[in-house]
Each structure stands twice: as C-alpha cells, then as structure tokens.
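Since the structure is predicted, the reported quantities are computational estimates derived from the model, not experimental observations.
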There are 2 protein chains.
Amino acid sequence: MPPHEHPAAADSARELIAAHGGRVTRTRVAVIEALQRSAHPLSHDEIGATLDGAGIGHDRVTLYRALDWLVEQGIAQRIAGGERAWRFEIRRDGDHRHAHFHCERCGQIVCLEDVPAAAPTLPAGFAVARAELVLHGACADCGRAGVEGKEG
Amino acid sequence: MPPHEHPAAADSARELIAAHGGRVTRTRVAVIEALQRSAHPLSHDEIGATLDGAGIGHDRVTLYRALDWLVEQGIAQRIAGGERAWRFEIRRDGDHRHAHFHCERCGQIVCLEDVPAAAPTLPAGFAVARAELVLHGACADCGRAGVEGKEG
DNA sequence: AATCTAATGCTACAATGTTGCATCAAAAGC
DNA sequence: GCTTTTGATGCAACATTGTAGCATTAGATT
C-alpha cells in the first residue's frame, strides 16, 4: 500500500470496484477517492485536475470512461446541474435523491442533503426513474459577499 | 402579411418583439411562433429545422443569438432538461415555474403544467432565483409502447 | 430614398463528449 | 515468478453544442 494514501479510503475504493466486478486501476481508485473526499459534485475537469495533482497520468477519454463505468455500476451518479458539463458525485446508500443548488455567481454546485428531490404526482402513464431538483441563485458564501457585485 | 401564416400568431409575435424594443426580423418571428405552436420545449436544433421548413435562411449563430435575446427579454426561457443541449419554451404569464419530464426512451421533454417547481426551504443564506425540477423516466406514450424494448 | 445601426451570416474557435484501435497492465492460470 | 487473457488505457480523430470577431444586410426612422 502506498504510504501517502489514507489506507481506509483506498481500501474502500478498491473494495467498491472489485465488488462490482471491475479491475482495480489507479484511475478508478483515484476518481472514487476524489469524489468521496469532495463535499460537492465534481466536474470531469475538476476530477482530472485532482488526478494530475496526484501524479496519475490519464487523458480525457480514460476519465470519461471511468466515470461512465462508475455511473453504470451505480457507484456514482451524474448531475445535469449547472452549465453544459456533467457533474459527478458518489452515491451513498439511500441518499441519492437530494436536491442541488447551483450558484450562478461562483458556478459551484452544492448538495442540499436535507432537501429531497421527490417526484410529485404525475399524469397517468408516466414512470419516473429519478427526479432532479436544481435550484439556481446565489449560495450562502456569494450572497454574503455582496448582493449585486462579485465582491462586497 | 404573408398569406401562409396565421395572422394572429404572426401579429402577436411581432408585437411581442416590438414591445421589447427589438427589431422584428423573420428569424425572431419564426422562432417565437415555433415555440408558441409547440406543446413542449424545443432544442436549438428542432427550432432550426422548423426555420428551414419555413424556408427561412439562417445559421447556427443567428439562431443562438435570437434565442439568447428572447431569454434575455424574458420572452422565452431555457431548460437544462434532457441531455447536453438547452431547450427553450415560451414564457406564459405566471406559468413559468412548472416541472418538466424528460423521457429517456424518446428523448422528449414534456411540460408538466400541473406540477410546480417550487423551491423548498433552504439553509440560511441561499437566495433562489429559479427552481428546475426535471423528472426522468418513460413518458406516457413510451410507457404504453412497451416496458423494456423500444417497441411493444 | 438616404441614413443609422441592430441583426445577420460567415469564418474560426472553444468546450464537452464519443469512437476506433493499438497498446498496456490487472487478474487469473500455470 | 512467468505467461496468458482481456479489461482498461492512451492516442488520434471526430461529433456536438455553443461563442467571438467582423463585414454585410436589412429593419426602423427621417
């Protein structure tokens, strides 16, 4: 085990991957750990930066495929949230139906763990697989910094 | 007035544009009419096809800018709904906070006029400008056609 | 009709995501 | 420990969606 990693985190990531019948690769372990460490969903780009920071070579395609696999396996989930790019977050058991807040000031996506994204009653015939509730506005940090400008 | 258009629709589009201080151009009129006629939000691409069908020359950029202007003026609004591309719909008075349904089978976005996309109580400091509630699954048509396959 | 300038249309570009294929390396077998 | 198998990677090339700059066109006004 590399001495510069948290043993528990690395183990849980490795076990998670193996439990789904996938190969335990540097990329997948690092992606899962990055998502687990982050308090908010990460974009492909942000995850890539994390990998670079960890000295893990990769390219865009590998990362996309690793993320695709994680989503496919139900380990992670995609959020359409902010702008054009997807964001990813780890699916914690039973916890994957919370709403998200997109700050139009700083671009950040915040998980609103307390706010459920539940599907209301729908017209007959509609089968809902998942609900996405995204609130747009100014987050607590940006709201404090100033009402109109970028800085207070 | 061109004889192949609905006079009322054309007038309302023209008036709408003029009321916002913009120039009444073929593109804008056609885009507004397309959105008004459609029961569901349209993608940039679908709107472009409508313009082509109406024999109105245009290019991608013009259409993007026309749509940007409509959104800017509050005449239309963007929906992040389905995949990567934005969708657009006309803003009807007071009616612009309904939820949307994204059918993962046919890719269609359906307006759920009866389902409000209201923001629930948030942590202190969060200012919500708008709420987007998108439900993903199978729409009534696709659900009827078959449970797993594309066709019943 | 002449004028003014918003809007268009072109080219070129940026950002995000996908496909095909040769190579590499993780897991399994020996 | 070495070889085999094949899933995962990395590269190049491409597809889609959206923007920026700028010359030209055409809507509104005089």
So A:D68 and A:R78, do their side chains get closer than 4.5 Å, heavy atoms only? yes
Under-3.5 Å donor-acceptor pair between B:R84 side chain and C:dG17 base: no
For A:R23, does its backbone N or O pair with a side-chain atom of A:R28 as donor and acceptor, under 3.5 Å? yes
Does any N or O donor sit under 3.5 Å from an N or O acceptor when you compare the side chain of A:R60 with the base of C:dG17? yes
Quick one: is C:dT16 close enough that its OP1 or OP2 comes under 4.0 Å of any side-chain N or O from A:W86? no
Take the angle between the ring planes of B:H44 and B:Y64 and call it parallel below 30°, perpendicular above 60°, tilted in between. parallel
Dump the intermediate steps for side-chain hydrogen bond (donor to acceptor under 3.5 Å, both in side chains) on B:R97 and B:Q77, then the final yes or no. CA-CA 10 Å; B:R97 289 286 72 99; B:Q77 63 183 333; 3.1 Å; yes
Within the structure, does a side-chain N or O atom of B:T27 lie under 4.0 Å from either OP1 or OP2 of C:dT8? yes
Under 4.0 angstrom between A:T62 side-chain N/O and D:dG10 OP1 or OP2: yes
What is the bend of the helix from C:dA1-D:dT30 to C:dC30-D:dG1 when you compare the axis at one end with the axis at the other, using five pairs each and rounding to 10°? 30°
Rounded to whole Å, CD of A:E46 lies from C1' of C:dA15 at a distance of 15 Å
From CH2 of B:W69 over to C1' of C:dT5, roughly how many Å is that when rounded to an integer? 15 Å
To the nearest angstrom, the NE2-C1' distance between A:H58 and C:dA25 comes to 18 Å
Set out, line by line, the N/O atom pairs under 3.5 Å between protein and nucleotides 25-30 of chain D.
| unit_1 | atom_1 | unit_2 | atom_2 | d |
| --- | --- | --- | --- | --- |
| D:dG27 | N2 | B:R23 | NH2 | 2.9 |
| D:dA28 | OP1 | B:V24 | N | 2.9 |

Is there side-chain contact between A:C142 and A:Q108, with heavy atoms separated by less than 4.5 Å? no
Contact pattern, 5' to 3', of nucleotides 19-24 of chain C - B, S or - by protein heavy atom under 4.0 Å: BB----
Which residue, B:H40, B:E89, B:R87, B:H136, forms the side-chain hydrogen bond (donor to acceptor under 3.5 Å, both in side chains) with B:H100? B:E89
Hydrophobic clustering (ILVMFWY, side-chain heavy atoms < 4.5 Å, transitive) - are B:V61 and B:L67 grouped together? no
